[in-house]
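Single-structure report; data block below.
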Amino acid sequence: MEETDREAVATAVQRVAGMLQRPDQLDKVEQYRRREARKKASVEARLKAAIQSQLDGVRTGLSQLHNALNDVKDIQQSLIDVNKDWRQSINTIENLKDVKDAVVQHSQLAAAVENLKNIFSVPEIVRETHDLIERGELLQAHRKLMDLECSRDNLMYEQYRMDSKNTHDMNLIHTYFGDMQKLSEELAKQLWMVVQRSLVTVRRDPTLLVSVVRIIEREEKIDRRMLDRKKQTGFIPPGRPKKWKEKMFNILERTVSTRIEGTQADTRESDKMWLVRHLEIIRKYVLDDLLVAKTLLDQCFPPHYDIFNRLLNMYHQALATRMQELAAEDLEANEIVSLLTWVLNTYTSAEMMGNSELSPEVDVNSLDALISQNVVDQLLSKYMSTLTSNIIGWLRKALETDKKDWIKETEPEADQDGYYQTTLPAIVFQMFEQNLQVAAQINEDLKTKVLILCLQQMNSFLTRYKDEAQLYKEDHLKNRQYPQCYVQYMIAVINNCQTFKESIISLKRKYLKSDMEDTLSISHANMDATLDIIAKEGCSSLLDEVFMDLEPHLNELMTKKWLMGSNAVGTICVTVEDYFNDFAKIKKPYKKTMTLEAHRRVVVEYIRAIMLKRISFKNAEERKEGAEKMIREAEQFRFLFKKLAAGSGEDTEGLCDIIEAIAEVIKLTDPSLLYLEVSTLVSKYPDIRDDHIAALLTVRGDASRDMKQTIIETLDQGPSQPNPNYVPIFKEITVPTLTVPKLLK
């Protein structure tokens, strides 16, 4: 208390000090005292009121506790009195057992009396119900059946209550109502027939379907009531619960499965397109059925049946089962594509589950896959394996067909620009296109795999194509009269190489993503290289054909006959030009190469004729005449190949300059200048060997052995400054075996 008083005094002092901080506030001391007195009186009044309220509450509580104690004592006394009375009445209750039995018997008899009319009329009601079922009046038939079942169930229940172990009476009642069970089964059979044809019935007679649903709903309610009574009494009538709702959904599920399985009208033996037809029928049936279910069937069932979603799930499961069965069969490549396209694309497309009329109830994104990814991978693997074998077979067959064309007696077809060609590139790339278009229907990944496969097989195919072209050439060399159109078909083979190149580029541009280009760059380069080899060998074989015809005329060059006025070069030019009229059917890249090679080979053969030393000029006049003839013939070659190379932009004059340079050496009249002329020749064409110089001097006819040796030895010691643009030509020319040392002896 003292501590509290001190705190109060301290607080008061502090408060008074706060009020009296200035001298002018002393005038208000009396005013402050009255205000604090009023506050104190108010606080004391509230405190007294609170204490009084607490005291009143305590007083009331004590009064209620006192009353409760008295009530408990009264109840205790009453319980003692009740217990005493109960003990005294036990014997009386036991004496009422007979009354209890009489009450039960009375209840049973009352039930029997109540159902007496129905009991005696059971046979008649059975007949009426049977007639109603046959007439299709299912609701009325079910009403009568319910009355019969109610009578039987009540009798059996009363018998069960009276004596649950008396099976004889139970069996007697069951036997008496035996026809009723047959009626139930007959009615159920009619119901299931309607349920099986529900999608047809709902269009023709929706009332009948509604009646069936109402009957099933009635039976469901009776089942629930009977099960509740079983929990209370342990009794349940025979045949309960019927579970007709569950049976209805089972019937629907079997009907859906049968409908899906029954759409296969053909087999592979009867129709190669059996699977496509089968899948299209499934698509049409499922879409039609679901649209009917959504627009009509849903209105005939209670909302809690959720009939549309239940049917949707049934169709999905049935389709999944069917697709798995089809996937397990030994499908061909085109059938695998048809199946996967349908499963992965068609099923969720607007043509089926994605149809706008089915939304929003059907969400394609929430549908499970019809077949697992593992099965999809297995099918794709099998497809790629089968496709690989098929492509190899197709390419082999295409090549064999093309080879048969090579030996025809008619010229090959020409394209719109007049270039010879065969159908091989078109057949090959049409086959590739078809397979790529099919693969693209499934997914991008498969399309890329098929493209890579096609190009890989193309690589192998081109190697076989090269070998067959070589064999074609070898067979022709055995008998140059056969095949009759060898040149034309070899031109077609060369042109095919360019067509193949263009088709490969087109195929990659159309079906290959830009980020995949690098993966096929090596393969593409290999194919281009192989095609260039085929074309080069083809061009070479055609030039061989030309030079075999030119051989007699080439043999006339640099002979006495040639010097006396032979027109061998004129014939050579005419023959080459005639061949090149056919070669005009070769496409530009290869025609250009072939023209340059022909020019080169003609010049090489001409120089070779010089180096064969078929002639040795006897005097300056012969040398002059021979040299001038060589210059004229070089000009003929220059004119010919300039004409043949028109539009190519190539400089074809440099090769003929070699002939003219050699002619100048032969034409030289002053032997003292011979070394200078030969050295000029060597400086222009540094691949000239000593044996070439010796042969050239021999043809000249006026160079002594000492002069030859001096010129050759001096040239060997002199510096060589080759032209960087010069393509060696003399290295291809061999001189007869008489060597320089022997010649100098």
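Just so it is clear, the values below take in all heavy atoms, side chains as well, and ignore hydrogens, waters and symmetry mates. Sequential numbering from 1 along the given sequence is applied to the chain's residues.
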Asp377 backbone acceptor or donor facing Ser381 side chain under 3.5 Å: no
Over 12 non-hydrogen atoms of neighbours within 6.0 angstrom of NZ in Lys536: no
Ion pair Lys643/Glu577, N-O distance below 4.0 Å: yes
All pairs passing salt bridge (Lys or Arg N to Asp or Glu O under 4.0 Å) where residues 408-423 contributes a residue, at least two apart: Asp405-Lys408
Test item: Leu644 and Val576 side chains (from C-beta on) under 4.5 Å apart, heavy atoms: yes
Within 6.0 Å of CE in Met548, more than 12 heavy atoms from elsewhere: yes
Atom CD of Glu621 with >12 non-hydrogen neighbours under 6.0 angstrom: no
Phe580, Phe639, Phe641 screened by ring pair (Phe, Tyr, Trp, His ring centres under 6.0 Å) with His599, the one that passes: Phe641
Donor-acceptor contact below 3.5 Å, side chain Thr341 vs main chain Ser338: no
Lys731 atom NZ: more than 12 heavy-atom contacts under 6.0 Å: no
Heavy-atom side-chain contact between Lys466 and Gln470 under 4.5 Å: no
Pair Arg480 + Asp544, salt bridge at N-O below 4.0 Å: no
Polar side chain donor-acceptor pair, Asp402 to Thr422, under 3.5 angstrom: yes
More than 12 heavy atoms of other groups within 6.0 Å of Lys449 NZ: no
Ring-ring centroid check Phe637 Tyr606, cutoff 6.0 Å: yes
Trace of the side-chain contact (heavy atoms from CB on, under 4.5 Å) decision for Phe429 with Thr499: CA-CA 10 Å; Phe429 282 92; Thr499 305; over 6 Å; no
Between Gln441 and Gln437, a side-chain donor and acceptor under 3.5 Å: no
Parallel, tilted or perpendicular, as decided by the 30° and 60° cut-offs, for the rings of Tyr465 and Phe461: parallel
Heavy-atom closest contact (Glu335 atom, Leu275 atom, distance): O-CD2, 3.3 Å
Pairing of Glu633 and Lys629 as salt bridge, 4.0 angstrom limit: yes
Heavy-atom closest pair, residues Arg608 and Glu732: NH2-O, 2.8 Å
